[in-house]
Q: 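Sending over a structure as structure tokens; questions will come in a sec.
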Amino acid sequence: MDTKRNPEEEFKKSAAMRARAEIESFKPDVLLVSDDNAFKYIVKEYYRDAALPVVFSGLNWDASIYEAPYQNTTGMVEVSLTNQIIDHLKVFTKGNRLGYISADNETERKNLVYYGTLLNIKFDKAYFAKDFSQWKQQFRQLQKEVDIVIFENNAGIAGWNEAEAESFVLAETKVPVGATNDWIMKYALLGITKIPEEQGQWQAEAVLQILDGASPS
């Protein structure tokens with residue numbers, strides 16, 4: 001759907017309509033979706049309680065905000081072990097001020113909300129970057145404002161330059177940085193990262209059970 005690089009509401013709806021047309025043309029026996037936008041704009045909009053079984057993964061924290069589960073859905077909700085990351089990083093710092101930085105999109109803003117409501121983590125500063133230049137400015141600012149930084153995700157940050165980002169964090173990092181995603185580890189001191197393969201394997205096994213006659217619900 002490419003909605004992280006194109007976060008405009010009209011683009012999301014248009015992408016969902018194109019995806020629906022492909023689904024209707026292909027006529028699958030089971031539909032697999034990944035991430036919040038696929039569930040929100042395709043499943044909730046077009047396949048809620050439909051005859052077509054749906055198996056989701058990568059839906060962050062809570063499916064109930066989309067009024068799920070539906071009769072035709074099952075899936076794995078994605079969570080982060082950020083409390084444990086922070087506990088480990090506290091060994092390397094004298095303060096407790098927490099900072100959060102991520103791409104500026106719906107998923108990353110949702111992560112921040114659920115860190116507060118589910119994990120009771122209070123971030124003293126939080127920044128969302130639209131492009132690489134803005135991310136560098138925000139990252140540098142956090143080094144002066146907090147004692148620990150959680151760098152959540154760079155997916156959706158326009159113009160991201162991997163080599164330049166590595167050099168930048170080596171030069172600019174003053175406080176320990178934690179990561180929840182494997183691809184962010186090169187910019188962090190420590191991470192307890194999610195395993196995408198775990199979700200994909202579970203999703204595939206659920207599909208096989210459904211094709212063998214199990215009800216998604």
Side-chain angles (χ1 to χ4, degrees), residues 1-7 12 15-16 18-85 102-103 105-111 114-115 118-119 150-157 160 162 178-188 190-217:
M1 293 176 68
D2 204 21
T3 56
K4 288 191 175 181
R5 289 186 295 185
N6 298 276
K12 293 174 184 176
R18 292 195 302 272
R20 184 197 184 197
E22 291 290 335
I23 293 165
E24 294 299 313
S25 174
F26 186 68
K27 295 181 172 56
D29 297 299
V30 183
L31 175 64
L32 289 81
V33 299
S34 182
D35 219 342
D36 280 65
N37 282 347
F39 194 92
K40 178 180 179 181
Y41 290 94
I42 297 174
V43 181
K44 183 182 178 184
E45 185 69 24
Y46 299 116
Y47 295 103
R48 178 174 180 166
D49 295 324
L52 177 64
V54 175
V55 183
F56 65 81
S57 66
L59 201 162
N60 296 83
W61 300 106
D62 181 15
S64 69
I65 62 170
Y66 307 119
E67 299 162 359
Y70 312 141
Q71 291 180 4
N72 64 320
T73 64
T74 189
M76 178 178 279
V77 172
E78 181 177 315
V79 299
S80 302
L81 300 180
T82 307
N83 273 332
Q84 289 88 336
I85 297 171
S102 198
N105 59 55
E106 191 170 350
T107 296
E108 305 315 321
R109 290 182 179 274
K110 180 184 178 185
N111 280 332
Y114 278 87
Y115 280 150
L118 290 184
L119 300 186
I150 297 298
F151 178 16
E152 188 72 28
N153 206 340
N154 64 351
I157 296 178
W160 185 266
E162 190 172 296
T180 63
N181 290 304
D182 190 48
W183 60 90
I184 300 297
M185 279 302 303
K186 63 186 72 177
Y187 316 114
L190 179 147
I192 303 176
T193 61
K194 294 170 279 192
I195 304 171
E197 292 83 358
E198 176 189 13
Q199 298 189 57
Q201 181 176 340
W202 186 93
Q203 197 175 22
E205 290 172 352
V207 167
L208 292 175
Q209 291 180 52
I210 290 168
L211 291 174
D212 207 30
S215 168
S217 63

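Atom set for the values below is all heavy atoms of this structure, side chains included, hydrogens, waters and symmetry mates excluded.
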Q: With no hydrogens and no angle check, is any side-chain donor or acceptor of Asn72 less than 3.5 Å from a backbone partner on Leu52?
A: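 Answer holds: yes.
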Q: Could you check if a side-chain atom of Thr82 sits within less than 4.5 angstrom of a side-chain atom of Ile150, using non-hydrogen atoms only?
A: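 Yes, side chains in contact.
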Q: Work out which heavy atom in Glu162 is nearest to a heavy atom in Lys186; give both atom names and the distance.
A: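 That closest heavy-atom pairing would be OE2-NZ, 2.8 Å.
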Q: For a salt bridge (Lys or Arg N to Asp or Glu O under 4.0 Å) check, start with the C-alpha distance between Lys110 and Asp62, then their side-chain angles and the critical distance, and finish with the verdict.
A: CA-CA 10 Å; Lys110 180 184 178 185; Asp62 181 15; over 6 Å; no
Q: Has Gln203 got a side-chain atom pairing as donor or acceptor with Glu198's backbone, closer than 3.5 angstrom?
A: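 No, the answer is negative, given that no donor and acceptor are paired below the 3.5 Å cut-off.
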Q: May I ask you to check whether over 12 heavy atoms, not counting those of Arg18, lie within 6.0 Å of atom CZ?
A: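 More than 12 within 6.0 Å, yes.
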Q: Would you say Leu208 has more than 12 foreign heavy atoms packed within less than 6.0 Å of its CG?
A: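 Above 12, so yes.
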Q: Identify all side-chain donor-acceptor contacts of residues 210-217 below 3.5 Å with residues at least two apart in sequence or on another chain.
A:
residue: Ser215; atom: OG; partner: Ser217; partner atom: N; Å: 3.3
residue: Ser215; atom: OG; partner: Ser217; partner atom: OG; Å: 2.9

Q: Looking just at side-chain N and O atoms, do Glu205 and Gln209 make a donor-acceptor pair shorter than 3.5 Å?
A: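 Note: Glu205 and Gln209 side chains miss the donor-acceptor criterion.
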Q: Nearest 0.5 Å, please: how far is CG in Asp35 from OG in Ser57?
A: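 Nearest 0.5 Å value for the OG-CG distance: 8.5 Å.
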Q: With a 4.5 Å heavy-atom cut-off, do Lys194 and Ser80 have their side chains touching?
A: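 Of all side-chain heavy-atom pairs linking Ser80 with Lys194, at least one is under 4.5 Å.
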Q: For Gln71, I'd like to know if atom CD has over 12 heavy atoms of other residues, nucleotides or ligands within 6.0 Å.
A: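 Open.
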Q: Could you give me the CA-CA distance, side-chain angles and deciding distance for Thr193 and Asn181, then say whether side chain to side chain contact (heavy atoms under 4.5 Å, CB included) is met?
A: CA-CA 5 Å; Thr193 61; Asn181 290 304; 5.6 Å; no
Q: Is it the case that Tyr115 and Glu152 place a side-chain donor and acceptor less than 3.5 Å from each other?
A: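 Side-chain D/A pair, Tyr115 to Glu152: present.
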Q: Flag the pair Gln199 / Glu78 as yes when at least one side-chain heavy-atom distance between them is below 4.5 Å, and no otherwise.
A: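 The answer is yes, as the side chains (C-beta and beyond) meet within the 4.5 Å cut-off.
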Q: Determine, stepwise, if the pair Trp61 / Asp36 fulfils side chain to side chain contact (heavy atoms under 4.5 Å, CB included).
A: CA-CA 10 Å; Trp61 300 106; Asp36 280 65; over 6 Å; no
Q: Could you pull out all residues at least two apart from Ala188 that satisfy side chain to side chain contact (heavy atoms under 4.5 Å, CB included)?
A: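 Scan of Ala188 (side chain to side chain contact (heavy atoms under 4.5 Å, CB included), adjacent residues dropped) gives Val177, Ala179.
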Q: Taking C-beta and beyond as the side chain, do Val55 and Leu31 meet within less than 4.5 Å on heavy atoms?
A: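 No, too far: nothing below the 4.5 Å cut-off.
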Q: With a 4.5 Å limit on heavy-atom distance, are the side chains of Ile85 and Thr180 in contact?
A: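 With C-beta onward as the side chain, the pair touches.
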Q: Is there a donor in the side chain of Glu108 and an acceptor in the side chain of Ser102, or the other way round, less than 3.5 Å apart?
A: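 Yes, side-chain donor-acceptor contact under 3.5 Å.
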Q: With sequence neighbours left out, what residues match Phe39 under ring pair (Phe, Tyr, Trp, His ring centres under 6.0 Å)?
A: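 In terms of ring pair (Phe, Tyr, Trp, His ring centres under 6.0 Å), with neighbours along the sequence ignored, Phe39 is linked to Phe56, Tyr66, Tyr70.
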Q: With sequence neighbours left out, which residue pairs that include part of residues 38-47 fulfil the salt bridge (charged side-chain N to carboxylate O under 4.0 Å, His left out) condition?
A: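 Passing the test, one end in residues 38-47: Lys40-Glu106.
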Q: Please verify the inter-ring angle class for Tyr187 with Phe151; under 30° counts as parallel, over 60° as perpendicular, anything in between as tilted.
A: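 Tyr187 vs Phe151 ring planes: tilted.
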Q: What do the steps show when you test Asn153 against Lys4 for side chain to side chain contact (heavy atoms under 4.5 Å, CB included), and what is the final call?
A: CA-CA 11 Å; Asn153 206 340; Lys4 288 191 175 181; 4.2 Å; yes
Q: Can you tell if the side chain of Asn111 reaches within under 4.5 Å of the side chain of Asn60, non-hydrogen atoms only?
A: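 Touching, per the 4.5 Å side-chain cut-off.
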Q: Decide yes or no for Thr74 and Trp202: does some side-chain heavy atom of the first lie under 4.5 Å from some side-chain heavy atom of the second?
A: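 With C-beta onward as the side chain, the pair touches.
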Q: Check whether any side-chain heavy atom of Ile23 lies under 4.5 Å from a side-chain heavy atom of Ile42, and answer yes or no.
A: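 Answer yes - side chains close enough.
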Q: Is there a donor-acceptor contact under 3.5 Å linking the side chains of Thr3 and Asn37?
A: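 Yes, a side-chain donor-acceptor pair sits under 3.5 Å.
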Q: Using the side chain to side chain contact (heavy atoms under 4.5 Å, CB included) rule, take Leu119 and Tyr114 through it: C-alpha gap first, then chi angles, then the decisive distance, then the call.
A: CA-CA 7 Å; Leu119 300 186; Tyr114 278 87; over 6 Å; no
Q: Could you list the residues that satisfy side chain to side chain donor-acceptor pair (under 3.5 Å) with Glu67, not counting sequence neighbours?
A: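 Testing Glu67 for side chain to side chain donor-acceptor pair (under 3.5 Å), a comparison that skips the adjacent residues, returns Arg48.
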Q: Could you pull out all residues at least two apart from Arg109 that satisfy salt bridge (Lys or Arg N to Asp or Glu O under 4.0 Å)?
A: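 Arg109 satisfies salt bridge (Lys or Arg N to Asp or Glu O under 4.0 Å) with Asp104 once adjacent residues are dropped.
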Q: With a 6.0 Å cut-off (strictly less than), is the heavy-atom count around CG of Asp29, excluding the residue itself, greater than 12?
A: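 For Asp29, atom CG is not crowded (no more than 12 foreign heavy atoms under 6.0 Å).
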